[in-house]
Amino acid sequence: MAGLAMNPAFWVGKRVLVTGHTGFKGTWLLWLLHRLGAKVAGLALPATSPSMFELTGARSVLDHHEGDIRDLSTVRRVMGDVRPEIVLHLAAQALVRESYHDPVSTYGSNVMGTLHVLEAIRSVGGVSACVVVTTDKIYANREWQWPYRENEALGGHDPYSASKACCELLAESYAASFFAPERYAEHGVAIATARAGNVLGGGDFATNRLIPDVLAAWSKGISVTLRYPAAVRPWQHVLEPLSGYLLLAERLTATAERARGAWNFGPAEDATCTVERLVQLLARDWPQAPGVRVDPAGLHEAGLLKLDSSRAREYLGWRPRWSLETCLSQTLAWHRAWHAGLDPRHTTQAQIDSYLGAS
């Protein structure tokens with residue numbers, strides 16, 4: 001684990017609650033925590049089908065709770081049962097296009113759900129660190145060339161992006177109102193928010209997401225439809241921001257004052273490219289890739305989005321460990337192994353070990 005800023009020993013035996021653990025990102029996180037020796041509990045809606053959670057048999061390695069974070073009593077009950085030391089809040093309605101179809105549910109899950117998690121932390125007690133995961137799309141997008149920094153203005157054209165910007169304000173408000181730094185000796189709680197790029201990786205089966213759509217189409221021998229081929233995004237393997245969340249939680253418990261606030265966990269500059277370019281890179285490793293078609297979606301999405309992660313590099317010592325090419329090869333390798341009938345749990349564990357051992 002040379003060069004890994006995260007301290008694996010910190011997590012041994014730690015009681016950690018992950019919300020949204022049945023989702024793609026949450027499942028990778030719980031397996032990473034399991035690898036590090038943490039005592040993991042999760043609160044989430046039932047897994048969809050297919051799902052990485054069920055395919056990897058993740059239920060067997062954690063204290064699994066099914067429930068809706070839109071219900072405060074459920075969140076309080078689970079928080080009281082688990083008594084976590086650290087909370088990693090990932091549960092959300094995470095799709096831009098779905099937020100256009102059902103904005104009420106999106107705001108309910110993302111805003112009220114986050115409120116309930118923070119309120120449960122306040123009322124139950126015992127939590128020392130909470131990382132609220134939002135998104136790179138919380139910035140008021142100006143379509144400019146330079147990357148967004150944590151002190152840029154918040155915004156959000158679509159309901160998903162706006163709801164996540166609300167979560168940033170909500171976390172900041174709770175931190176100031178109930179967990180103020182000057183009263184840290186009294187409450188012992190530190191809160192931070194984390195903003196990642198567009199995550200890729202094996203086991204993502206969500207609808208209206210680029211890589212799942214590409215792999216599903218090409219597996220059937222048909223062209224993939226691109227809605228926003230010229231859109232520029234900060235692409236990264238899912239393990240990259242997850243390692244950042246864990247590092248941030250570590251620092252919140254050790255140096256709470258310096259680790260509070262908002263943090264970007266984005267890829268290196270050369271991993272930021274257009275949707276079309278990403279698919280072209282993916283096609284290099286897919287024999288006889290059927291190609292792409294363009295079908296404009298008619299719904300607004302940001303055209304140009306980059307993240308500046310210099311704060312995380314300077315103050316946390318975090319930096320990306322995998323190139324974009326490695327990210328894509330690992331994603332393809334996971335899906336090929338699954339289609340070949342290999343155990344997804346073993347593939348996931350092997351990729352985590354590879355990531356932790358990367359120099």
Side-chain angles (χ1 to χ4, degrees), residues 23-25 27-28 48-53 55-56 94-101 135-137 158 160 196-242 266-268 270-306 320 322-342 344 347-348 351 355:
F24 159 66
K25 205 170 178 181
T27 301
W28 274 99
T48 57
S49 181
S51 72
M52 183 181 176
F53 181 79
L55 288 173
T56 59
L95 301 174
V96 172
R97 289 174 64 80
E98 178 61 25
S99 76
Y100 281 111
H101 298 313
T135 176
D136 56 351
K137 297 173 182 62
D158 57 87
Y160 166 71
N198 284 50
V199 295
L200 310 174
D204 188 355
F205 298 101
T207 57
N208 295 316
R209 283 173 61 84
L210 179 62
I211 297 301
D213 289 351
V214 170
L215 296 181
W218 287 358
S219 295
K220 298 174 184 176
I222 61 177
S223 298
V224 66
T225 299
L226 301 182
R227 297 184 300 272
Y228 307 98
V232 175
R233 295 288 184 269
W235 311 100
Q236 58 190 152
H237 192 275
V238 63
L239 287 171
E240 300 279 25
L242 295 183
D270 59 3
T272 299
C273 66
T274 66
V275 167
E276 185 175 25
R277 176 59 179 161
L278 186 79
V279 175
Q280 290 172 347
L281 290 172
L282 198 64
R284 291 179 179 177
D285 294 322
W286 192 284
Q288 299 177 330
V292 301
R293 293 182 292 110
V294 177
D295 182 18
L299 298 175
H300 176 273
E301 283 198 26
L304 177 59
L305 182 55
K306 300 180 182 179
W322 279 354
S323 67
L324 179 58
E325 288 74 14
T326 300
C327 166
L328 292 175
S329 66
Q330 292 286 333
T331 301
L332 272 179
W334 194 101
H335 281 275
R336 282 175 169 156
W338 173 53
H339 282 292
L342 301 180
T347 306
T348 301
Q351 292 193 351
Y355 179 80

Participant: When you compare the side chain of Trp28 with that of Thr348, does any pair of heavy atoms fall below 4.5 Å?
Facilitator: yes
Participant: Pairs of donor and acceptor atoms involving the side chains of residues 270-284, under 3.5 Å and at least two apart or interchain, shall be tabulated with distances.
Facilitator:
residue	atom	partner	partner atom	Å
Thr274	OG1	Arg277	N	3.0

Participant: Applying side-chain hydrogen bond (donor to acceptor under 3.5 Å, both in side chains), name anything that partners Thr48, two or more places apart in sequence or on another chain.
Facilitator: none
Participant: If every non-hydrogen atom of Tyr100 is compared with every non-hydrogen atom of Asp158, which pair is closest and at what distance?
Facilitator: OH-CB, 3.4 Å
Participant: Between Gly203 and Met52, what is the shortest heavy-atom contact and its length?
Facilitator: O-CB, 3.4 Å
Participant: Could you work out, with side-chain hydrogen bond (donor to acceptor under 3.5 Å, both in side chains) as the rule, every residue matching Gln236, not counting sequence neighbours?
Facilitator: none
Participant: State which residues pass side chain to side chain contact (heavy atoms under 4.5 Å, CB included) with Thr347; sequence neighbours excluded, sorted by chain then number.
Facilitator: Trp334, Ala337, Gln351
Participant: How close do Leu324 and Trp235 get, counting heavy atoms only, and between which atoms?
Facilitator: CD1-CB, 3.8 Å
Participant: To the closest 0.5 Å, what do you measure between OG (Ser49) and CG (Leu55)?
Facilitator: 8.0 Å
Participant: So, taking the atom named CG in Asp285 and the one named OG1 in Thr331, what distance separates them when rounded to the nearest 0.5 Å?
Facilitator: 11.0 Å
Participant: Report the distance from atom CG of Leu304 to atom NZ of Lys306, rounding to the nearest 0.5 Å.
Facilitator: 6.0 Å
Participant: Run the ring-ring contact (aromatic ring centres under 6.0 Å, His included) test on Phe205 and Trp338 for me, step by step, so that the C-alpha distance in whole Å, both residues' side-chain angles and the decisive distance to 0.1 Å come before the verdict.
Facilitator: CA-CA 13 Å; Phe205 298 101; Trp338 173 53; 5.0 Å; yes
Participant: State which residues pass ring pair (Phe, Tyr, Trp, His ring centres under 6.0 Å) with Phe53; sequence neighbours excluded, sorted by chain then number.
Facilitator: His21, His64
Participant: Would the distance check show the side chain of Glu240 and the main-chain N or O of Pro267 forming a donor-acceptor pair, the cut-off being under 3.5 Å?
Facilitator: no
Participant: Should His237 and Thr326 be marked as a side chain to side chain contact (heavy atoms under 4.5 Å, CB included) after you check the CA-CA gap, both sets of side-chain angles, and the distance that decides it?
Facilitator: CA-CA 9 Å; His237 192 275; Thr326 300; over 6 Å; no
Participant: Can I get a per-line list of side-chain donor-acceptor pairs under 3.5 Å for residues 209-224, giving both atom names and the distance, sequence neighbours left out?
Facilitator:
residue	atom	partner	partner atom	Å
Arg209	NE	Asp204	OD1	3.4
Arg209	NE	Asp204	OD2	2.6
Arg209	NH2	Val199	O	3.2
Arg209	NH2	Asp204	OD2	2.9
Trp218	NE1	Gly291	O	3.2
Ser219	OG	Leu215	O	2.6
Ser223	OG	Pro290	O	3.1

Participant: Look at the side chain of Trp322 and the backbone N and O of Pro320, then say whether any donor-acceptor pair between them is shorter than 3.5 Å.
Facilitator: no
Participant: What pairs with Ser99 under side-chain hydrogen bond (donor to acceptor under 3.5 Å, both in side chains), at least two apart in sequence or on another chain?
Facilitator: none
